[in-house]
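So the structure is just underneath, and the comments pick up after that.
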Amino acid sequence: MNDEQLHAMRHSLAHITAAAVKRIWPEAKFGVGPVVQDGFYYDIDLGEKKISEANFEKIEKQMRGIIEYGDDFERFEMPIDQAIDWAKENNQPYKEELLNDLKRSGTTVAKDLDTAELGLATDGDAAIENVSFYKNGAFVDLCRGPHVANTRDVGAFKLLRVAGAYWRGKEGNPQMQRLYGVAFATQEELDQYLERLEQAKLRDHRKLGKELDLYTISSLVGPGLPLFTPRGTVLRELMAQYSNQLRQAFGFQKVWTPHITKKELYETSGHWAKFGDELFLVTSQETSDNFALKPMNCPHHTQIYASQPRSYKDMPVRFLETTTDYRDEKTGELGGLNRVRSLTQDDSHVFARPDQIEQEINNLLSSARELYATIGMSLRVRLSYRDEGEGYLGETNLWETAQAQLKQAVITNELDYFEQDGEAAFYGPKIDFMATDAIGREHQVATVQLDFVQPSRFGLTYTDNEGNAQTPVMIHCALLGSIERFLSVFIEHTGGWFPFWVAPEQLRILTINDTIGDYVDEIRAVLDEVVLMKPVKYNELRYTVDDRNESLGKKIGQASLMKIPVQLIVGPKDKEAREVSVRTQAGEEKVSLNGLGEYLRGIS
RNA sequence: GCCGCUUUAGCUCAGUUGGUUAGAGCAACUGUUUUGUAAACAGUAGGUCCUCGGUUCGAAUCCGAGAAGCGGCUCCA
């Protein structure tokens, strides 16, 4: 089956879903019902009545009835004004809005439409004459198609979930219920898909975070405020250290900034106007100043730049700071480590002359590539541009220059990229590295951003070779992004089997009985000398000894559940032979005590 | 914030139509066992059934409000 056929199948199932819902609730008003990754959805408004998962069986039963009955999908056309009347007569206000847009502009794509006119009726000339409809049995729907020939040709499906969704994606609009289904050509493929979903749940970072003792969230501390355990802290700190090291090699210098600031800083940067209601505010009992917990770091770094006069010879100036920011995210947006209220950024800012932009971006992209190659993650890159929306600061021609420069950098670095409008920051376009979580959702991790706005808003300058003041360009970059979010995808990507160098507990000695304590001490002496130098420098070995009064099988089982990459099994026979049994995921081998340090340093 | 769902021991989960003292496995603790490759045996202890309010002779169970978590929507500097 090719993609077009699968698409037609899923799209036809969306119609069948709507038809089934209309049979059960004839008053249903319908929005749109497109094909999405792995399936389809249909947006439905039942007024006060709500669909819940308890209704799925009933809906699916109706759907199967419609499928078995075997009506053809019949396409027909209607003049646009007649179609609008059809929508009114059938009490389908959402369809009426779509038809109004078609009449006025020939499209229903919201981003191609004037937002002020969205959905409004027009008396002017129609942009199109006819619109197409599809009919299967008694169910008629405005639709561009294509569909399968007959309702029997839709393959295997399952309703998966129901969720709220705003009409046309706008928060002020009525909220409809979005009924999601998955669909494949055969039942076997559907079963495989559902099985993959089950497997993915085993890798969920929230599940592994608990099982591997990496972090916890306390209701006393608050939602979205994760607390990191000793194991999780090892991960955080080593990854941040690596990220910093990669940029320090390119001349970045560490700085430190406080976690609160007067709100004037953000009024100047432009953040207050756009994100003011997402700041945690801090009141001073001593002064009348208003403070906020910092939600990001670039404005602070501008003030370090501004603290002394800069010559063109000093440029670029490169600051690096791994620090925690606080954002008052809406409760419904929080989730695991992926979206938190206390997020730690491995943040950096370059203040550069225009002629230095290309080199600086190349340095950062190569750092990002090296980091993700080292941990075995291949990421797609998103070029995030502005769109026609409001809220972007700076002149259009600067934006165009910046967007072209970022695209060129991505091409030069041979990154696998796609372009997306409307994903830029308010001060400039971005190169975003996108990671995929266990169930296929994409999350931004590394980012490189070009900013012509903040330097001028803060009045930053350097003196050029003719003695004139010039405005520098800012390049924002984080390689991990939010360390919390990075860890969520890293945990799911590895399934908890972290690379040896970053594993919280790299090695555990498992004793067979209590007759070999002296030999264990000899082994410890060897382990204490093991310091990895790659990819992070001075990375001392982290190990423990399990000499409890338990069976070997139990010790192995528990060490394996904790996904400890190297287990050293030590008993009287090993002591006798002056060796250890090294158990890894790859299997087991004997290593001599003399060769143990070398063996561990060689693990990549 | 909005829509739907969920919440029982540290963890994973049972718990019938509202009915005595809410159960199991793992973990913990005590004792026995000295163990060779994914979990030795026995015992002990562990509960605000998310919180608050209501209905009832009686609530883990029904109703209301709230909190937290999950899946989406919106948002993501």
Side-chain angles (χ1 to χ4, degrees), chain A residues 36 41 43 45-46 50-56 160-180 201 204 206-207 210-211 213 216-220 222-224 266 269-279 294-299 325 327-336 338-340 343 345 347 391 393 423-428 430 432 439 441 443-444 447 449 451 453-454 476 478 481-482 485 510-516 547-561 567 569-574 581 583 587-588:
Chain A
V36 291
Y41 68 77
D43 282 349
D45 182 356
L46 289 179
K50 299 296 176 198
I51 299 174
S52 80
E53 286 178 25
N55 303 123
F56 283 7
L160 210 56
R161 64 179 81 96
V162 59
Y166 298 106
W167 168 239
R168 301 202 116 166
K170 287 179 70 178
E171 208 169 353
N173 281 348
Q175 192 163 46
M176 310 185 71
Q177 288 191 285
R178 180 166 294 177
L179 201 48
Y180 282 92
K201 283 182 190 163
D204 189 306
R206 293 162 296 204
K207 180 175 160 67
K210 188 176 282 182
E211 289 173 359
D213 188 22
T216 185
I217 292 180
S218 154
S219 57
L220 278 178
Y266 299 130
S269 71
H271 288 88
W272 182 263
K274 190 165 168 68
F275 298 110
D277 54 357
E278 285 156 58
L279 294 183
K294 66 175 175 182
M296 20 65 72
N297 317 300
C298 32
D325 298 334
R327 299 178 182 176
D328 195 0
E329 305 281 7
K330 296 176 186 171
T331 53
E333 288 160 352
L334 300 172
N338 183 53
R339 193 77 177 270
V340 293
L343 60 136
Q345 302 204 61
D347 210 357
L393 302 182
E423 292 292 334
F426 73 84
Y427 49 71
K430 310 189 287 174
D432 294 323
I439 61 174
R441 296 177 293 201
H443 305 285
Q444 175 197 313
T447 184
Q449 311 173 356
D451 181 358
V453 170
Q454 292 192 65
H476 308 238
S482 147
R485 175 178 298 175
L510 312 178
T511 60
I512 285 173
N513 60 32
D514 60 10
T515 65
I516 48 157
D547 54 5
R548 292 175 303 162
N549 178 12
E550 297 285 357
S551 69
L552 179 62
K554 186 169 192 168
K555 292 180 182 183
I556 288 173
Q558 290 180 348
S560 301
L561 283 177
Q567 301 166 14
I569 294 163
V570 184
K573 292 177 201 164
D574 301 290
S581 304
R583 195 177 191 280
E588 190 168 322

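A, B, ... follow the sequence lines: proteins, then strands. Residue 1 opens every chain. Just so you know, these numbers come straight off a predicted model, no measurement behind them.
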Within the structure shown, what part of the strands sits under 4.0 Å from A/Asp574 by heavy-atom distance: base, sugar-phosphate, or nothing? base
So what does A/Leu160 hit on the nucleic acid, given a heavy-atom distance under 4.0 Å: a base, only sugar-phosphate, or nothing? nothing
Closest-nucleotide mapping onto RNA chain B: is A/Lys555 or A/Arg548 further toward the 5' terminus? I mean the 5' end. A/Arg548
Reading nucleotides 70-77 of chain B from 5' to 3' and marking B where a protein heavy atom lies under 4.0 Å of the base, S where only the sugar-phosphate is that close, and - otherwise, the string is SBBBBBBB
Using a cut-off of 4.0 Å on non-hydrogen atoms, how would the nucleic acid contact of A/Ser581 be classed: base, sugar-phosphate, or nothing? base
What does A/Ser52 touch in the nucleic acid at a heavy-atom separation under 4.0 angstrom: a base, only the sugar-phosphate, or nothing? sugar-phosphate
What string of B, S and - do you get for nucleotides 60-65 of chain B, 5' to 3', when a contact is any protein heavy atom under 4.0 Å? ------
If you look at every strand shown and take non-hydrogen atoms under 4.0 Å, does A/Glu211 touch a base, only sugar-phosphate, or nothing? nothing
B/rC73 and B/rU61: how far apart are their C1' atoms, nearest whole angstrom? 33 Å
Euclidean distance for C1', B/rU21 against B/rG47 (whole angstrom): 13 Å
Donor-acceptor pair, side chain of A/Lys555 and main chain of A/Ile569, under 3.5 angstrom: no
By the 4.0 Å heavy-atom rule, please label A/Gly571 as base, sugar-phosphate, or nothing. base
Taking atom P in both B/rG46 and B/rC5, compute the distance separating them and give it to the nearest angstrom. 37 Å
Donor-acceptor pair under 3.5 Å: do we get one between A/Asn513's side chain and the base of B/rG36? no
Scan A/Gln567 against the nucleic acid and name what it touches under 4.0 Å (heavy atoms): base, sugar-phosphate only, or nothing. nothing
Expressed in whole Å, how much space separates the P atoms belonging to B/rA24 and B/rA67? 35 Å
Watson-Crick or G-U wobble partner of B/rA14, both distances under 3.5 Å: none
